[in-house]
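Have a look at the structure below before the remarks.
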Amino acid sequence: MSDPFSLDDESPAPFRPAPPRPPVAVPADAPWLAGLNPEQHQAVTVTDGPVLVLSGAGTGKTRVLTSRLAQILAGGRAQPWQCLAVTFTNKAAREMRERVGHLVGPASESLWLGTFHALCVRILRRHAEAVGLKSNFTILDSDDQLRLLKQVMEAEGIDAKRWPAQAIMGTIQRWKDRGQPPDKVGGAEAGDLAGGRAADLYRLYQDRLRLVNACDFGDLLLHCLTLFLARPDILADYQGQFRYILVDEYQDTNVAQYLWLRLLAQKHRNICCVGDDDQSIYSWRGAEVGNILKFERDFPGARVIRLESNYRSTPHILAAASHLIAHNAGRLGKTLRPGLAHDPDQTRKVRVRGVWDGPEEARVVVDEIEAQQRAGQSLAGMAILVRAGFQTREFEERLITTGVPYRVLGGPRFYERQEIRDAMAYLRLVNSPDDGLAFERVVNLPKRGLGDAALQMVHTVARARGLPLFEAARLLVETDELKPKPRTALTRFCDDVLRWRSNLETMDHPQLADLILDESGYVEMWKADKSPDAPGRVENLGELVRALGEYDSLEQFLDHVALVMENDSRTDTDKVVVMTLHGAKGLEFDSVFLPGWEEGVFPHQRAMDEGGLAGLEEERRLAYVGLTRARRNLLITFAGNRRIYNQWQASLPSRFLDELPEAHVERQADRGLHPGGAPSWKRPAEVATWAVPERRKTSDFDEGSRVLHPKFGPGTVLAVDGDKLEIAFDKAGTKKVLDSFVELM
DNA sequence: GGGTCCCCGTTTTTT
DNA sequence: ACGGGGACCC
């Protein structure tokens with residue numbers, strides 16, 4: 001291939017079949033082959049050549065991946081270190097390593113198994129010089145990235161008010177996701193973002209990163225690609241090494257990751273990608289469903305294996321999910337079949353329930369949770385899955401008042417907390433002298449009387465002499481440039497850092513961290529803070545020092561933290577979990593509650609406004625992910641009225657509700673919500689069965705009718721569309737509402 | 001250099 | 001309504 005960065009589909013590299021290998025010497029009764037269905041068996045045993053496994057929700061994907069690795073290793077087709085297995089999350093990587101370990105024993109330890117980013121770090125640490133970095137480069141978190149970009153913008157005189165750094169960062173990240181280094185970005189690509197200078201800022205930002213010997217997450221992939229391109233010898237080594245490549249969640253790969261895989265698979269062409277186009281829900285962060293859709297074109301002669309037997313959900317749930325997702329165009333096409341026997345008398349239809357407003361919705365859901373609990377179900381098997389974070393509040397309130405134990409997932413993660421990042425900056429500064437971002441972060445923390453003026457001066461010296469900030473500071477305090485007070489403070493700070501650094505060799509690292517946090521006054525700062533969350537922060541700092549003890553060295557720890565920014569969310573006691581639909585991907589629960597199925601909330605208004613039809617289809621896939629999380633019980637709810645930004649909004653049931661198959665769904669709505677029913681604005685006390693939604697029924701209202709709405713007050717009907725009315729309210733403005741909410745005046 | 005006031009945005013998140 | 005961040009003033 002002349003240009004490995006080319007995405008030109010016209011000329012795929014010629015397909016060379018893998019060299020013939022000896023027949024598989026694995027006994028047919030190998031334990032990892034036991035109990036596989038025919039499709040799974042095929043996905044495990046067809047080890048050579050390109051394979052795409054389309055694996056629907058709950059079809060045993062992880063089992064196939066781990067068994068396949070066992071098959072390759074046990075068959076003597078490759079040594080563990082010749083196998084590359086890539087995942088997206090650390091959790092998935094950990095799980096896979098553990099399960100392969102059970103099948104093949106210690107051999108699993110030398111597999112190249114990890115996240116894209118961790119594997120790239122492993123490669124880059126070896127060849128850092130080839131891309132202009134030192135081997136001990138720092139991996140920046142999003143905080144530092146943004147600060148660095150802001151510095152560049154300020155130096156370039158870009159108005160941060162007009163062009164938010166966040167937005168420019170987003171653009172840069174998309175470029176990196178697409179595998180485009182600064183010199184491959186067309187000048188006009190960002191439009192008039194930053195006055196047409198976005199591409200310049202990208203280049204300067206990259207220069208700056210290199211200067212401080214740092215990478216952001218996107219760079220890990222991008223630098224790897226650059227390395228492979230610049231050094232065909234190095235690429236050839238890796239291509240030769242990786243006889244077998246496995247990729248999990250292929251539908252989530254971005255272009256950079258796709259190019260990376262395509263380069264590495266070039267020689268042996270034994271690449272197996274597992275994924276589900278129907279569960280692609282991350283396009284907004286650069287994932288390209290296209291990668292999975294065009295696999296057969298990229299790897300001619302590829303085997304495509306569909307896993308459609310679902311071992312998770314009841315037939316009703318599967319039917320609902322399949323029916324809904326069938327409304328999407330451009331799918332590879334898959335239909336989930338029940339893989340387990342289900343007693344039709346024992347399985348319940350999917351329930352859809354309409355309620356008056358948000359608080360009522362929370363009441364209904366939590367009532368149901370309590371009912372199921374009384375029936376002997378465990379809370380740990382129940383989940384409330386919301387579209388967006390703001391929806392969790394009402395459920396939390398209700399769960400607290402009823403005393404149902406719960407856990408909200410997705411708060412700020414441990415290593416993203418301010419106090420942890422600050423402490424980490426201290427450790428980074430001690431560990432690597434040229435980490436200028438760490439220096440800036442802690443030089444005046446706690447307050448030492450070093451403000452912008454002093455810092456500015458340090459920057460000036462650093463730029464003039466080409467020194468790291470810390471070295472510049474040491475030089476500066478030797479002069480009379482600074483006023484006495486800041487000078488003393490900065491001298492003291494530099495001396496402290498040097499002293500801590502001198503302890504690196506002699507002291508064990510948790511002890512050193514303890515010393516640093518103590519002598520710097522950082523812990524003291526929080527102890528003196530009287531805000532309510534300060535004690536928690538002190539506790540977190542203790543936790544950090546403890547965690548440090550689990551690593552062999554400070555360096556190892558810093559790398560781990562940069563790559564594994566996760567909560568060790570203990571799945572401790574019996575609690576209902578509340579989380580976003582995105583967060584629930586890959587999980588399963590006996591009972592799933594899906595609230596907020598209203599137009600504008602789900603599908604989310606912004607997804608439709610910004611993504612058009614493609615946005616809507618991604619929302620639908622998200623709905624599909626939600627439905628397929630449930631093993632036995634599924635309750636979907638929507639509210640007729642919702643308060644958003646403290647304003648009451650009338651809401652219409654989600655279009656996704658109309659896309660569920662009648663035969664498998666049981667619909668109920670509070671009286672007064674029934675489309676076409678007698679209008680009533682009284683808070684409903686009883687519940688009526690709502691059979692089939694009749695969307696196009698003629699309305700009792702005409703244009704010009706004067707009507708009264710319980711929350712918006714009086715208004716005039718502007719337009720009638722079936723059961724939907726557009727009404728100009730006297731006070732609340734023009735809104736669309738269901739006719740059942742208003743009455744004639 | 002630190003505090004106060006105002007204005008803006010307010011989907012989803014991993015590494 | 002509310003919180004976070006930036007600008008401005010003391």
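Below, chain A is the first sequence line, B the second, and so on; all start at residue 1.
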Listed pairs, N/O of protein and of nucleotides 5-9 of chain C, under 3.5 Å:
| from | atom 1 | to | atom 2 | distance (Å) |
| --- | --- | --- | --- | --- |
| dG6(C) | OP1 | Lys150(A) | NZ | 2.7 |

Query raised in the report: Do Thr253(A) and Asn291(A) have side-chain atoms, one donor and one acceptor, less than 3.5 Å apart?
Result: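 Side chains of Thr253(A) and Asn291(A): pair found under 3.5 Å.
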Whole angstroms only, please: what is the [atom1]-[atom2] distance between [X] and [N]?
| X | N | atom1 | atom2 | answer |
| --- | --- | --- | --- | --- |
| Tyr282(A) | dT14(B) | OH | P | 6 Å |
| Asp248(A) | dT14(B) | CG | C1' | 14 Å |
| Leu616(A) | dT12(B) | CG | C1' | 15 Å |
| Leu581(A) | dT13(B) | CG | P | 10 Å |
| Gln391(A) | dT11(B) | CD | C1' | 10 Å |
| Arg393(A) | dG3(C) | CZ | C1' | 14 Å |
| Phe390(A) | dG9(B) | CZ | P | 18 Å |
| Gln605(A) | dT10(B) | CD | P | 15 Å |

Please classify the nucleic acid contact of [X] as base, sugar-phosphate, or nothing, using heavy-atom distances under 4.0 Å.
| X | value |
| --- | --- |
| Gln257(A) | nothing |
| Gly218(A) | nothing |
| Leu450(A) | sugar-phosphate |

Tell me whether the OP1 or OP2 atom of [N] has a side-chain N or O from [X] closer than 4.0 Å.
| X | N | value |
| --- | --- | --- |
| Thr580(A) | dT13(B) | yes |
| Arg285(A) | dT13(B) | no |
| Asn90(A) | dT15(B) | yes |

Query raised in the report: How far, in whole Å, is dC2(C) from dT13(B) if one measures between their C1' atoms?
Result: 23 Å
Distance from [X] atom [atom1] to [Y] atom [atom2], nearest 0.5 Å?
| X | Y | atom1 | atom2 | value |
| --- | --- | --- | --- | --- |
| Arg655(A) | Arg620(A) | CZ | CZ | 7.5 Å |
| Asn431(A) | Leu554(A) | CG | CG | 4.5 Å |
| Asp357(A) | Arg642(A) | CG | CZ | 8.5 Å |

Requested in this report: Would you indicate which nucleotide in dT12(B), dT14(B), dT11(B) comes nearest to any side-chain atom of Trp284(A)?
Outcome: dT12(B)
**Report entry** Closest to side chain of Arg387(A), choosing from dT12(B), dT15(B), dT10(B)
**Finding:**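 The closest nucleotide is dT12(B).
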**Report entry** Partners passing side chain to side chain contact (heavy atoms under 4.5 Å, CB included) against Asp277(A) (at least two apart in sequence or in another chain)
**Finding:**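 Asp277(A) satisfies side chain to side chain contact (heavy atoms under 4.5 Å, CB included) with Leu54(A), Val289(A), Ile292(A), Leu293(A), Arg331(A), Leu332(A), Lys334(A) once adjacent residues are dropped.
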Requested in this report: Validate the cation-pi geometry between Arg398(A) and Phe395(A): distance from NZ or CZ to the six-membered ring centre under 6.0 Å, angle to the ring axis within 45°.
Outcome: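 No.
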Query raised in the report: Out of Val386(A), Leu634(A), Thr637(A), which one pairs with Leu594(A) under the side-chain contact (heavy atoms from CB on, under 4.5 Å) rule?
Result: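 The residue from Val386(A), Leu634(A), Thr637(A) that satisfies side-chain contact (heavy atoms from CB on, under 4.5 Å) with Leu594(A) turns out to be Leu634(A).
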Query raised in the report: For Phe88(A) and dT14(B), are the ring centres under 5.5 Å apart with planes inclined under 30°?
Result: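 It does not: the two rings, one from Phe88(A) and one from dT14(B), miss the stacking criterion.
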**Report entry** Ring-on-base stacking dT11(B) with His604(A) (under 5.5 Å, under 30°)
**Finding:**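 Stack criterion met.
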Report summary line: In Lys176(A), Gln145(A), Arg210(A), the residue satisfying side chain to side chain donor-acceptor pair (under 3.5 Å) with Asp219(A) is Lys176(A)
